[in-house]
Amino acid sequence: MSDTKTLLFASNGFSTFGSYDIFVTHRLDESWKNWSEPINLGSKVNSDDFDGLPFYDEKNEILYFIASQNETNVLKFVALPKAVLLKRD
């Protein structure tokens, strides 16, 4: 994202709802090597199939992503306040 400290990505290497899920992580220092534990964006975004290729429209606060439904990839979107993504635990 434009703050250069928040990263949205898809992975199946963490706790997921199914196949690939979308996560957010935050850069912890200026090295680009230290990141917070990834946070799954939850069932509002992720399903038991593939969810990935996230793009966040910061101006309108909408997350666009590709989801697999019935073996077809579809473009989905969900309103997601920027404050939710920038929140750090």
Side-chain angles (χ1 to χ4, degrees):
M1 292 180 52
S2 65
D3 70 348
T4 71
K5 295 181 180 184
T6 304
L7 176 69
L8 291 166
F9 69 97
S11 176
N12 67 350
F14 303 95
S15 179
T16 64
F17 285 87
S19 179
Y20 280 73
D21 279 0
I22 299 174
F23 296 82
V24 63
T25 186
H26 304 101
R27 189 161 50 99
L28 300 174
D29 59 30
E30 299 304 314
S31 73
W32 291 89
K33 295 179 182 180
N34 297 309
W35 293 84
S36 67
E37 186 70 25
I39 300 167
N40 189 304
L41 292 184
S43 61
K44 185 176 180 181
V45 172
N46 296 305
S47 67
D48 58 357
D49 286 321
F50 174 86
D51 301 289
L53 304 172
F55 170 79
Y56 188 69
D57 177 348
E58 291 185 60
K59 180 180 178 186
N60 296 302
E61 298 188 341
I62 297 175
L63 174 66
Y64 295 89
F65 59 99
I66 298 297
S68 178
Q69 294 180 331
N70 301 318
E71 298 182 14
T72 301
N73 290 332
V74 296
L75 177 63
K76 295 184 80 175
F77 62 93
V78 62
L80 195 61
K82 191 174 183 177
V84 170
L85 296 175
L86 297 178
K87 186 186 306 182
R88 298 182 190 152
D89 293 330

Any sub-3.5 Å donor-acceptor pair from [X]'s side-chain atoms to [Y]'s backbone N or O?
X: Q69; Y: V74; answer: no
X: K5; Y: L86; answer: no
X: N40; Y: S15; answer: yes
X: S36; Y: T25; answer: no

Same cluster or not: [X] versus [Y], using hydrophobic residues (I, L, V, M, F, W, Y) connected whenever any side-chain heavy atoms lie under 4.5 Å apart?
X: F50; Y: F14; result: no
X: F23; Y: L7; result: yes
X: L53; Y: M1; result: no
X: V24; Y: V84; result: yes
X: W32; Y: L8; result: no

Over 12 foreign heavy atoms within 6.0 Å of CZ, F77: no

Derivation and outcome, side chain to side chain contact (heavy atoms under 4.5 Å, CB included), residues I62 and V78: CA-CA 6 Å; I62 297 175; V78 62; over 6 Å; no

Taking atom [atom1] of [X] and atom [atom2] of [Y], what is their separation to the nearest 0.5 Å?
X: L80; Y: D57; atom1: CG; atom2: CG; result: 11.5 Å
X: Y56; Y: T6; atom1: OH; atom2: OG1; result: 10.5 Å
X: L63; Y: E61; atom1: CG; atom2: CD; result: 12.0 Å
X: D48; Y: S43; atom1: CG; atom2: OG; result: 11.5 Å
X: L28; Y: E37; atom1: CG; atom2: CD; result: 10.5 Å
X: T16; Y: D21; atom1: OG1; atom2: CG; result: 5.0 Å

Can you name the nearest heavy-atom pair linking [X] to [Y], along with the distance?
X: G13; Y: S11; value: N-OG, 2.8 Å
X: G52; Y: A10; value: CA-CB, 3.6 Å
X: A79; Y: K44; value: O-NZ, 3.2 Å
X: K76; Y: A67; value: CD-CB, 3.3 Å

S68 side chain near Y20 side chain, heavy-atom distance below 4.5 Å: no

Beyond-backbone contact of L41 with D51, side-chain heavy atoms, under 4.5 angstrom: no

Under 3.5 Å side-chain donor-acceptor pair for T72 and N70: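 There is no such pair between these side chains.
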
S47 vs D49, side-chain hydrogen bond (donor to acceptor under 3.5 Å, both in side chains): CA-CA, chis, key distance, verdict: CA-CA 5 Å; S47 67; D49 286 321; 5.1 Å; no

